[in-house]
Visitor: 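Quick one: the structure is below, and I'll ask about it shortly.
When a ligand or atom number is given, it counts from 1 through the structure's own listing order.
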Amino acid sequence: MNLFSRIFKFIKLIAAMLILLTIVLVYRAINSTPDNSHVDKVSAIPLDYQQASKRLAGALRYRTISYQDPSLSEPQEFMGFQEYLRISFPLVHQTLSNEKVNSLSLLYRWKGQNKSTHSPILLMGHYDVVPVDPSTLDSWQHPPFKGVVAQNKIWGRGTLDDKSAVLAILESVEYLLSQGFVPNRDIYFAFGHDEEIGGKQGAKVIAEHFKQKNLKFEYVLDEGGFVTEGMMPGFDLPLTLIGVAEKGYLSAKLSVQSEGGHSSVPPPSTSIGIISNAIVSLENNQFEPRLVTATESMLTTIGRNMPFNKRLVFANLWLFKPFLIDQLKQSKLTNATIRTTTAATVFNAGEKENALPINASAIINFRLLPGDTIEMVEQHIKRVVNDDRVNVEILIAGNASPISSTESVAYQNIVNAIDKVSPEQGMVIVPNLMVGGTDSVHFLSIAENVYRFNGVKIEPESFSGFHGTNEYLAVSEYQRAINFYYQLLLTNQ
Ligand SMILES: [Zn+2]
């Protein structure tokens, strides 16, 4: 064979491979179509939603604030809130057994007829809130603890996070009780009082109580995902995120001790320089990004609902994954879903402008992707800092949660319940990895699956209300939440 015919043969081979590749890509994209199964929409239960909104507003008036410094806590506000629930939901408190855990967290048991062999379920929420930064008070349209219903919105600290979930659950149960409903299996409700500072006195103790009784749940539903719209650039359909996993957490304290003395005769690097170097190294050597199954299955579901050119990418992640990851790295929000993140959050050093610092320390907060372990992060810090003068101490650490199933009956029940009560047509419902933490982390070992979802729609502009200023929830969204829990409780026979 001469040279030209060999080259020609080679070109033919390449052309054939390209044609084959195109066929595979297009074939996969054509077959990647939206899930057209849909549920019939239902009408809302006949509640007076203005009254229900006022009940939620009333609950916002209790300053149930979780402070990092426990001496600032006001237990009478928590007791007041409990009493308020007792008066506002009389049937719940007459019918369900209820107890206080560590005085301030609340646990209810709705006894089923036990016609069902299913394990019990647990719905959760928390009624503590984060403090309000006093310098922001003037920016609140309505004072954060006034509990106001105005412009068809409920205003105040805790409307989104997370008193609306607690009150919406109780509204739905109160209504079911008024209709004479009795569940087939036992249903539990747990409302923590210290989620914002880790849930150690509340949810954790409740979980231990269940462990002692050897109780296992088919699933736990806690706060987390939302219905969204317009949050993802280039995707216009309403998008509902159901949290199937949450990232882990690790805070490491780096410290350096060096000789003090007069700053007129300094060493080449002071303790401040050494620790700064360590921080810069950690920032410059981030964890490698990757798609975990929860994120991949979210993206492929979203992709199926996109125009053909974009579907081509999402249906062929086997080929395009590196390009997609590159894209996801560009925004803070999506970057956090594809890697263990690194954030220097605290820095302490130096006493006097003309004295050499003796102690310097910094805290670095990592959020662990499922699959990255505490040990891996510890090794990463030591390898990247690579300086014997820097002491590393792990202050607090927890691995990421397992990823809950999207094939379970429970997941499907949650999907159906939110679809049924939502006015939006063509809502795309996807599993997602939560970058923040919830109280449900304490229940991982006693629940087959843990899901995180709030049953309300969040507009992009109201996101700043979370732990921020002007927290509010539309009355129509509160109605959606009540109906979501109602439908979910009905289907858990
Ligand atoms: Zn919360």
Visitor: Are Tyr478 and Tyr49 an aromatic pair, judged by ring center distance below 6.0 Å?
Guide: no

Visitor: Here's a test for you: under side-chain hydrogen bond (donor to acceptor under 3.5 Å, both in side chains), which of Lys163, Glu77, His193 qualifies with Thr64?
Guide: Lys163

Visitor: Got a salt bridge between Lys457 and Glu229, using NZ or NE/NH1/NH2 to carboxylate O under 4.0 Å?
Guide: yes

Visitor: Is any protein N, O or S atom closer than 2.8 Å to the Zn ion (ligand 1), and if so, which?
Guide: His126 NE2, Asp161 OD1, Glu223 OE1, Glu223 OE2

Visitor: Do Tyr127 and Tyr62 have their ring centres less than 6.0 Å from each other?
Guide: no

Visitor: Using a strict threshold of under 4.0 Å (side-chain N to carboxylate O), is an ion pair present between Glu208 and Lys211?
Guide: no

Visitor: Please determine whether a side-chain nitrogen of the Lys or Arg among Arg339 and Glu288 lies less than 4.0 Å from a carboxylate oxygen of the Asp or Glu.
Guide: no

